[in-house]
Amino acid sequence: MPLINFRPAPGINKEVTDYTGQGKWTDGDMVRFFQGSAQKIKGWERFISTTLVGVVRDQHAWVALDGTRYSAFGTDRKLYVHEEGRAYDITPIRETQALTNPFTTNATTSVVVTDTSHGASKGDFVTFDSFSAIDGLDMNKEFEITSVANNNAYVVTATSAASGSTSGGGGSGNAKYQISIGPELSTSAFGWGTDTWGAGGWGSPSTVSNVTLEARQWSLDNFGEKLVATVLNGGAFEWSPSTGVSTRATAISGAPTASRLSLVSTPDRHLVFFGTEKTIGTTSSQDDLLLRFSDQEDITTYQPTAENTAGSLRIADGSRIVAAERSRGQILVWTDTSLHGLQFIGPPFTFGLRQLGQNCGIVGIHAGVDINGVSYWMSQDSFFLYDGTVKKLPCTVEQFIFNNINVTGAENAFAGHNGEFNEIMWFYPRTGSDQINAIVAYNYLEQTWWTGTLSRTTWIDREVYENPIATEYDSTATANNEVISGLTDGASSVFLHETGNNGDGAAITAFVKSGVVQIGEGNEFSFVSKLIPDIEDQAGVLNAKLEFKNYPNNSTSVTKTVSFQDNTDFVSLRGRGREFTVNVVSNTTGTAWRLGTQRFDIQPDGRR
């Protein structure tokens, strides 16, 4: 028989069985499709040598007026700014208290701090200065609060045990409290008051709830060279490079104190808050469907007058605003059920709002991305695009994604753009994991999909920096970028992507598996004797595992594994059956490959 060409159609199709998937790839990990070919993804290396406290939920990069490049990272516990190789803690201070003799020791590492109406919670951060040493302990440093005894006292943990026991010592000094931390994870809310009135028995806590306690999120942007950072359901802060990296971010004067997110409009330059307060400064007046915008070129003025362009609008469809993205000629605003367009129209109304689509809500604050005026997003059960009309995006892995997604944690999904490969990537948590641990990617030019286990909590494309920047969270690691006494685990690494062939020095295990190659007709069996590889840009060893079967549902099969390098002409194998699948695998450091058209030498082998 002649040599048989083997070149499945590009993209992963998980909506078919192996047999139905003849001529298709049906599974894979760490393998993308570009210009019609399957290839192992490129590697990554450390962008910042140290790790950051908490899980990064947003990042943003920009260039200051003097040409210095900056990036900001908002975590569930901190806010950082990165300047050319080093990350600095710029978490805002919510309150500074002058205290006298606040420390009580007990010959252990635990120190009780007395501060009337301190307002702190477990996990919050406080920095002490100007105090005297107490029982051999230098308390003039930053601490993570270990526990809260009551409204007037809490406990911190020193790096060593006190040499004695003293009640009320340390002299006079200051306690600087950073803004309270937020939840690391999104969780379902149970207990009293988490369901509708009258649901369940009187006086019984809810054990089933549609209410989600949202994880701490940030929305980061820049107004000129200033960083604007808004905490989900919290305040808005600014940081300017002119103040230096040793200066913390501060609250934006006159801005709302409770909003879901913020964004700077262009080119008109208004700071827009979404899901914000009816009465500025009154957090209890927060309306999840209200948006409010500042005066043009002035992010401190929000009260509308005849002389300014400040104002507000309210969306009618949905229960809350979830996300917003700048697009061509407008800002796209998603609620949990709909899509709207916010367009600058000038005085006297400043902005106009119109609904663009229904039943097309977005799953999370960072689950959408706009590419050249076309927006793509992940909803609760589908993928959508908007190019002037809302359209459901055909997806060959849709059931696999949404049947295996952690529904509660999905609101932390993050959409990123990789322009080098025309990809939109959604990082999301699969069932069984509260943290992001998977990726689904879409090539919008070739309309192909791939899936994998690349876990990144944020991603920004190459614009300010030469390569994409992404973050990965490890709940068991302790951050090492700064010295904080009593610091608990949970740290994020920042990586430079699309560089080299390894993952931070380690091997990247990559594979792509085909549907069935049918080699026999009717009752005929065939014999596969030779594989002639066609690999482009190969480095290292590549393996091919061929699984032979007589019938699709055979519980027994025969697997033949062959290996080849870039100078391999052909490999011999002895496989017999009616059908086989091909699984191309690499799992050693330094490997790279791009599949062309493989050829098999197949001969008839009788009937059975």
Side-chain angles (χ1 to χ4, degrees), residues 57-58 182-183 185-190 194-196 199 206 208-219 230-234 256 258-263 272-278 286-292 312-327 330-342 353-370 375-386 389-393 395 398 401-403 405-415 426-429 434 436 440:
R57 292 300 185 195
D58 194 19
L185 303 170
S186 297
T187 57
S188 295
F190 302 112
T194 59
D195 212 332
T196 55
S206 174
V208 178
S209 174
N210 293 322
V211 178
T212 299
L213 299 177
E214 298 173 288
R216 165 63 57 86
Q217 295 281 359
W218 290 86
S219 51
T230 299
V231 178
L232 175 66
N233 296 323
S259 306
R260 294 191 60 81
L261 64 143
S262 67
L263 183 147
V272 187
F273 288 93
F274 302 87
T276 191
E277 300 164 333
K278 295 178 182 177
Q286 183 180 4
D287 182 342
D288 285 344
L289 291 171
L290 179 71
L291 58 91
R292 183 183 292 279
S312 62
L313 294 167
R314 192 176 191 279
I315 291 176
D317 193 343
S319 61
R320 68 184 187 279
I321 295 173
V322 179
E325 289 285 338
R326 284 185 292 266
S327 188
Q330 62 184 331
I331 295 173
L332 296 182
V333 185
W334 288 268
T335 71
D336 51 342
T337 62
S338 57
L339 175 65
H340 305 257
L342 182 68
L353 185 67
R354 64 191 181 103
Q355 185 161 339
L356 305 175
Q358 293 179 309
N359 302 315
C360 58
I362 197 168
V363 72
I365 183 174
H366 298 301
V369 64
D370 187 86
S375 290
Y376 303 81
W377 68 96
M378 173 189 279
S379 76
Q380 290 79 5
D381 56 9
S382 304
F383 295 96
F384 286 90
L385 69 82
Y386 175 78
T389 304
V390 174
K391 302 172 183 175
K392 185 175 179 180
L393 198 58
C395 179
E398 184 173 283
I401 299 300
F402 293 103
N403 288 346
I405 197 169
N406 179 328
V407 176
T408 302
E411 67 177 25
N412 299 318
F414 198 96
W426 286 274
F427 301 97
Y428 69 98
D434 293 322
I436 289 174
V440 54

**OP:** With side chain to side chain contact (heavy atoms under 4.5 Å, CB included) as the test, would you mind laying out the steps for T230 and L261 before giving the verdict?
**Re:** CA-CA 6 Å; T230 299; L261 64 143; 5.7 Å; no
Original post:
Could you go step by step and tell me if H366 and E325 meet the side chain to side chain contact (heavy atoms under 4.5 Å, CB included) rule?
Top reply: CA-CA 9 Å; H366 298 301; E325 289 285 338; 5.6 Å; no
Original post:
Side chain of S259, backbone of F273: donor and acceptor closer than 3.5 Å?
Top reply: no
Original post:
So, the side chain of R354 versus the backbone of L342: is there a donor-acceptor pair under 3.5 Å, distance only?
Top reply: no
Subject >> Closest contact, heavy atoms only, D317 versus L289 >> reply: O-CD2, 4.3 Å
Original post:
For the side chain of S379 and the backbone of S382, is there at least one donor-acceptor N/O pair under 3.5 Å apart?
Top reply: yes
Original post:
Does a salt bridge link D370 with R326, judged by any charged N lying under 4.0 Å from a carboxylate O?
Top reply: no
**OP:** Check step by step if side chain to side chain contact (heavy atoms under 4.5 Å, CB included) holds for I331 and F274.
**Re:** CA-CA 12 Å; I331 295 173; F274 302 87; 4.3 Å; yes
Original post:
For the residue pair S375 and L332, what are the closest heavy atoms and their distance?
Top reply: OG-CD1, 3.0 Å
**OP:** Answer whether the closest heavy-atom distance between the side chains of T276 and D288 falls below 4.5 Å.
**Re:** no
Original post:
Can you name the nearest heavy-atom pair linking E411 to L213, along with the distance?
Top reply: OE2-O, 4.5 Å
Original post:
Any side-chain heavy atom of L232 sitting closer than 4.5 Å to one from R216?
Top reply: no
**OP:** Measure across A324 and L263 and return the closest heavy-atom pair with its distance rounded to 0.1 Å.
**Re:** O-CD1, 3.6 Å
**OP:** Before giving the answer on ring-ring contact (aromatic ring centres under 6.0 Å, His included), spell out for W426 and Y376 the whole-Å C-alpha distance, their side-chain angles and the decisive distance to 0.1 Å.
**Re:** CA-CA 10 Å; W426 286 274; Y376 303 81; 7.3 Å; no
**OP:** Ignoring hydrogens and angles, tell me if any N or O in the side chain of H340 forms a donor-acceptor pair with the backbone of T335 under 3.5 Å.
**Re:** no
Original post:
Does some side-chain heavy atom of L339 sit less than 4.5 Å from a side-chain heavy atom of V333?
Top reply: no
**OP:** For Q217 and I365, indicate whether the former's side chain and the latter's backbone hold a donor-acceptor pair under 3.5 Å.
**Re:** no
Original post:
When rounded to the nearest 0.5 angstrom, what distance separates NZ in K392 from CG in L385?
Top reply: 12.5 Å
Original post:
Under the 3.5 angstrom rule, does the side chain of R314 hit a backbone N or O of D287 as a donor-acceptor pair?
Top reply: no
Original post:
Between P429 and A410, what is the shortest heavy-atom contact and its length?
Top reply: CG-N, 4.0 Å
**OP:** Output, in order, the C-alpha distance, side-chain angles, deciding distance and verdict of side chain to side chain contact (heavy atoms under 4.5 Å, CB included) for F402 and M378.
**Re:** CA-CA 10 Å; F402 293 103; M378 173 189 279; 4.0 Å; yes
**OP:** Report the relative orientation of the aromatic rings in F384 and W377; use parallel for angles under 30°, tilted for 30 to 60°, perpendicular for over 60°.
**Re:** parallel
Original post:
How about D58 and F414: do any of their side-chain heavy atoms sit closer than 4.5 Å?
Top reply: yes
Subject >> Test side chain to side chain donor-acceptor pair (under 3.5 Å) applied to S338 and Q358, step by step >> reply: CA-CA 4 Å; S338 57; Q358 293 179 309; over 6 Å; no
Original post:
Say you draw a straight line from NZ of K278 to CZ of R292; how long is it, rounded to the nearest 0.5 Å?
Top reply: 11.0 Å
**OP:** Could you tell me whether a side-chain N or O of R320 sits under 3.5 Å from a main-chain N or O of G275, the two making a donor and an acceptor?
**Re:** no
Subject >> N/O donor-acceptor pair under 3.5 Å between S219 side chain and S262 backbone >> reply: yes
**OP:** Return the minimal non-hydrogen interatomic distance between S186 and N412, and the atom names on each side.
**Re:** OG-ND2, 3.3 Å
Subject >> L356 side chain reached by Y386 side chain, heavy atoms, under 4.5 Å >> reply: yes
